[in-house]
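In what follows, chains are A, B, ... by sequence order, proteins preceding strands, each numbered from 1.
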Number of protein chains: 4
Amino acid sequence: MARLRSPEKRKAILDAAVQEIAREGLSAATAKIAERAGVATGTLFTYFASKEQLLNELYLDLKSESYAVISEGFPHKASLERRAWHIWQSYLGWAIQFPEKRRVSVQLKVSDVLTAETQARALAMGSALEPTLGELEKRNVARGLPAGFVSATMSAMQDAVTEFVAKQPKKRAELIERTFQAAWRALK
Amino acid sequence: MARLRSPEKRKAILDAAVQEIAREGLSAATAKIAERAGVATGTLFTYFASKEQLLNELYLDLKSESYAVISEGFPHKASLERRAWHIWQSYLGWAIQFPEKRRVSVQLKVSDVLTAETQARALAMGSALEPTLGELEKRNVARGLPAGFVSATMSAMQDAVTEFVAKQPKKRAELIERTFQAAWRALK
Amino acid sequence: MARLRSPEKRKAILDAAVQEIAREGLSAATAKIAERAGVATGTLFTYFASKEQLLNELYLDLKSESYAVISEGFPHKASLERRAWHIWQSYLGWAIQFPEKRRVSVQLKVSDVLTAETQARALAMGSALEPTLGELEKRNVARGLPAGFVSATMSAMQDAVTEFVAKQPKKRAELIERTFQAAWRALK
Amino acid sequence: MARLRSPEKRKAILDAAVQEIAREGLSAATAKIAERAGVATGTLFTYFASKEQLLNELYLDLKSESYAVISEGFPHKASLERRAWHIWQSYLGWAIQFPEKRRVSVQLKVSDVLTAETQARALAMGSALEPTLGELEKRNVARGLPAGFVSATMSAMQDAVTEFVAKQPKKRAELIERTFQAAWRALK
DNA sequence: GATGAATGAGGTTTCATTCAT
DNA sequence: TATGAATGAAACCTCATTCAT
């Protein structure tokens, strides 16, 4: 597998995978993904050695994308609460804008196709947020909560929020704010 | 009279399904499930019309089991906090004792095999907890949080907790308690 | 398999087989036939040793029934044409009244489930018509047509007629008569 | 470019289907058909979306083939009797030369796998014979016989003839001729 | 005799992956 | 590199038949 000619094709395949998996679940057929991406079945395997690999790379891509959104305009010097709020609100913005992406991301996380390496790399991607999360963690560790619990809880609550915003899109802004307050009460 | 359909066999199939799905994901083969349950491939289909139905009934069974655990010894007349604590601690007890069951339950919930009816019935099962959750909801609705958000959040946080307890079983009791305090801060 | 208690049950199974095969083809499931007959799956096999046997007996029953209809009121002493006409008209009456029976009979004949013995016995049943058909055959054999061709042709033409009457039930009487005239021209 | 779907392989599958169905009936296994055709089980499904479709296309192919035989050297300008004779004799030639093909064709026709569209298309294929059959029909319609009865009768009689020629191959030529005379008497 | 759950071989179809073109 | 036909293991499910009750 030499350097790939066309990053566009790779992107097209990953995008198609999201759509197809959102529709059909993780058992979506590679042939259908390829078709939706506008490439031949065989071509998919020149970009990804196997379906498993495709799924792993897809997960990293989705994580990377959501982290990129959070990183954009991140107020590194603001107060802890302001920074936490930024994370909360920008992640939810992404999750609400691309419901299929979030849904597929969750499905992949819960499934058993993600290798240990993939999980480690996904974790590492969050390093930009580390100072913020680190500070929060520290306070909570002091309270007897385990390291990592903050992210896990935020993430879990965000999933819940996303579900609700999908049902009441008009209350979007309000929901994001009120739920942040709840999360903040829990973790600050 | 011929042999009667035995509840034991049904149970054996559901148990086998949990194990097999925990190991292989939702694409676990019906033949393997049957084998593990000690019945013939065809027998599985006299108890469940299709794999999809097996999965739906499995989900309801798991939900039913976890609700039964919560209901046991529920302190109907205690304070709201005491009641919330009972739910928190008894559910986590179940989730930690049967990690595969919880894992499979989550996988099913996130997947797309659950019919609308199954989801509705699962929801209805929680009615015993209603007074407690209802009280909590009311307070939170007043704050602009949507109805159902309490359960969703608790459930999401519990998933996070379970993950951590699995990694540090010795801190089990402490983790359950501290995380409850966090959840309580968020939702009371 | 001792003497069977209930000829009614046997009849019910055969009737159910006709309906089910008319609907589903020869691959109709024995379980469905039993269900439609109002007996248990196992019971079917106390009346017929195997599905193949059920099918063979069904064929003989259908033949027997249609021959019985023809034999009723057969004008043994009438002219050859009158006798041929009786056969033509009474058989078509049955075929039109019970389209499923005729259809299933045809399907069985064309299939490969009928044993040599069954075919021989079906042929033997027609013995009552022998004098009439024999006379017709004789004339035709003299013309270089093979023995048996008369029955085969009549039967083939009757199948065609039945099809057409089904589509134009109002012209029933006229069609039966005109087609007899055509058949008679061919074979007299 | 990848390999192109080869008409030879399609043909091989259809041929194999004829042999296998002649032997086993319509329940012949697709796997066996594929094996006999010298392709993998899966390959069959790249040429035919389902067994049902295979069966429908097979029927059309068989009809097409027999019509092609009839069309070859058709004496468009000869007398009605000469043209009818051509149809009679060339069809029977084909049916006798390929008994399995005829047998399978009949089984398909009687079965319930043929879609309405397939039946319509099969009918449309006979359009080349229309002038001839049309003339015959006209005469018979005048006599009160329904349109389409001529073809149906000829077809039904031909099936009977084929059966007899199979048993007495030596009398082939004579049987074909004598039976034509009988048919002609009936329909002219 | 009647019942219907149990059996497991066998059916059709899907699908990740390969490879000739 | 791109293509998509070819592959065949493996999936889900059916069903004739058996047999405990």
Please tell me if [X] has a side-chain N or O lying less than 4.0 Å from either OP1 or OP2 of [N].
X        : N      : value
Lys9(B)  : dA5(E) : no
Tyr47(C) : dG1(E) : no
Thr43(D) : dA5(F) : no

How many angstroms lie between atom [atom1] of [X] and atom [atom2] of [Y], to the nearest 0.5 angstrom?
X        : Y        : atom1 : atom2 : result
Leu44(C) : Thr46(C) : CG    : OG1   : 8.0 Å
Leu14(A) : Tyr59(A) : CG    : OH    : 15.0 Å
Ile21(D) : Leu55(D) : CD1   : CG    : 5.0 Å

Margin query: What does the 5'-to-3' dot-bracket notation of DNA chain E look like when only Watson-Crick and G-U wobble pairs under 3.5 Å count, and pairs to other strands show as |?
Written below: .||||||||||||||||||||

If I take atom [atom1] in residue [X] and atom [atom2] in nucleotide [N], what distance separates them, rounded to the nearest angstrom?
X        : N       : atom1 : atom2 : value
Glu24(D) : dG11(E) : CD    : C1'   : 13 Å
Glu35(D) : dA6(F)  : CD    : C1'   : 17 Å
Phe48(A) : dA2(F)  : CZ    : P     : 12 Å
Glu20(D) : dG11(E) : CD    : C1'   : 14 Å
Arg36(C) : dG4(E)  : CZ    : P     : 18 Å
Ile13(A) : dA16(E) : CD1   : P     : 14 Å
Leu44(B) : dA11(F) : CG    : C1'   : 13 Å
Ile21(A) : dC15(E) : CD1   : P     : 13 Å

Check: Hey, are Thr115(A) and Thr118(A) close enough side-chain-wise for a donor-acceptor pair under 3.5 Å?
Finding: yes

Next item on the list: Would you mind listing every side chain to side chain donor-acceptor pair (under 3.5 Å) that reaches into residues 10-19 of chain D, with sequence neighbours excluded?
Entry: Arg10(D)-Glu57(D), Arg10(D)-Asp61(D), Lys11(D)-Asp15(D)

Review item, side-chain donor-acceptor pairs of residues 27-42 of chain C, under 3.5 Å, at least two apart:
from     : atom 1 : to       : atom 2 : distance (Å)
Arg36(C) : NE     : Glu20(C) : OE1    : 2.6
Arg36(C) : NH2    : Glu20(C) : OE1    : 3.2

Check: Of Arg103(B), Lys109(B), Arg102(B), which is the lone residue that meets side chain to side chain donor-acceptor pair (under 3.5 Å) with Asp159(B)?
Finding: Arg102(B)

Checklist line | With Gln107(A) via side-chain hydrogen bond (donor to acceptor under 3.5 Å, both in side chains) - residues at least two apart | finding: none

Item checked: Pair listing, salt bridge (Lys or Arg N to Asp or Glu O under 4.0 Å) test, anchored in residues 21-31 of chain A, at least two apart -> none

Notebook entry, point to check: How does each nucleotide of nucleotides 12-17 of chain F score, in 5' to 3' order, for protein heavy atoms under 4.0 Å: base (B), sugar-phosphate only (S), or none (-)?
Noted result: SBBSBB

Note to self: Both Val39(A) and Val39(D) contact DNA chain F. Taking the nearest nucleotide for each, which residue is further toward the 5' end?
What the structure shows: Val39(A)

